[in-house]
Amino acid sequence: MGLCKCPKRKVTNLFCFEHRVNVCEHCLVANHAKCIVQSYLQWLQDSDYSSNCRLCNTPLAARETTRLVCYDLFHWACLNERAAQLPQNTAPAGYQCPSCSGPIFPPSNLVGPVASVLREKLTTVNWARAGLGLPLIDEVVSPEPEPLNTSDFSDWSSFNASGSPEQEEVASASTAPAFYSQVPRPPTPPSRPEQHTVIHMSSSEPLTHGAGTGLVSSR
Ligand SMILES: [Zn+2]
Ligand SMILES: [Zn+2]
Ligand SMILES: [Zn+2]
Ligand SMILES: [Zn+2]
């Protein structure tokens with residue numbers, strides 16, 4: 001037990017591990033949002049604490065954090081991701097603190113700055129709104145990753161487009177058979193595609209040549 005140094009002089013048993021001061025809940029929310037805060041007794045037992053998020057093991061300070069009513073602190077993204085993976089019919093009591101198994105949802109009779117900040121955060125995501133008995137909302141979801149498309153290919157067309165029509169003709173004529181037909185073609189000694197390219201491309205021989213091999217090897 002100790003006194004918070006703020007004007008309220010609140011009696012508190014919370015202790016910021018980071019700043020090594022007693023803090024009341026008001027000050028905790030206002031000034032120690034990313035600090036490990038537990039009881040002073042806990043501090044005595046655990047002074048070589050880790051200030052990493054327990055879910056991803058990277059520093060808490062690096063990302064937005066959320067403190068549960070047990071005062072355990074996590075990255076909001078990590079906690080949210082974990083909770084969102086639970087089945088939709090999970091009872092509210094099934095959402096538990098990953099550290100101490102305390103409730104994620106603040107008990108309804110619990111008031112205080114930590115609980116109200118947490119409740120507010122929880123109303124932004126549907127798994128929690130369901131647990132709080134709130135109507136669901138349209139969550140902001142990150143756009144679906146675009147289906148893998150042939151970016152190689154589009155690079156190609158733009159590359160070809162920059163060349164003369166003649167170049168384009170030669171390129172398609174020489175490369176298309178090579179990768180569209182698996183059947184070995186009968187030998188046609190006089191017209192090897194590469195040689196053709198070299199002959200016709202007086203100015204841009206290396207580019208077209210490299211292009212031809214690149215296309216074949218990327219398939
Ligand atoms: Zn205070
Ligand atoms: Zn602090
Ligand atoms: Zn994390
Ligand atoms: Zn906890």
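Numbering of ligands and ligand atoms starts at 1, following listing order.
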Before giving the answer on side-chain contact (heavy atoms from CB on, under 4.5 Å), spell out for Trp43 and Arg20 the whole-Å C-alpha distance, their side-chain angles and the decisive distance to 0.1 Å. CA-CA 9 Å; Trp43 159 251; Arg20 306 195 182 181; 3.5 Å; yes
Is there a side-chain contact (heavy atoms from CB on, under 4.5 Å) between His26 and Cys6? Walk through the geometry before answering. CA-CA 9 Å; His26 291 275; Cys6 72; 6.0 Å; no
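Closest heavy-atom contact between Thr90 and Pro87: OG1-O, 2.6 Å.
Within the 3.5 Å criterion, the main-chain N or O of Val23 finds no donor-acceptor partner in the side chain of Lys10. Side chain of Arg67 to backbone of Asp72: no donor-acceptor contact under 3.5 angstrom is found. Asn126 places a side-chain N or O within donor-acceptor distance of the main-chain N or O of Ile137, the cut-off being under 3.5 Å. For the pair His75 (side chain) and Pro59 (backbone), a donor-acceptor distance under 3.5 Å is present. A donor-acceptor pair under 3.5 Å is absent between the side-chain atoms of Glu64 and the main chain of Trp76, judged by distance alone.
The atom name of the N/O/S atom in Asp72 closest to the Zn ion (ligand 4) is OD2.
A 4.5 Å side-chain heavy-atom check between Phe74 and Cys56 finds every atom pair outside the cut-off.
Of all protein atoms, those that are N, O or S and lie under 2.8 Å from the Zn ion (ligand 3) total 4.
Around the Zn ion (ligand 1), the protein N, O or S atoms found under 2.8 Å comprise Cys4 SG, Cys6 SG, Cys24 SG, Cys27 SG.
One hydrophobic cluster, built from ILVMFWY side chains closer than 4.5 Å, holds both Leu110 and Ile104.
The angle Cys97:SG - the Zn ion (ligand 4) - Cys100:SG amounts to 110°, with values rounded to 10 degrees.
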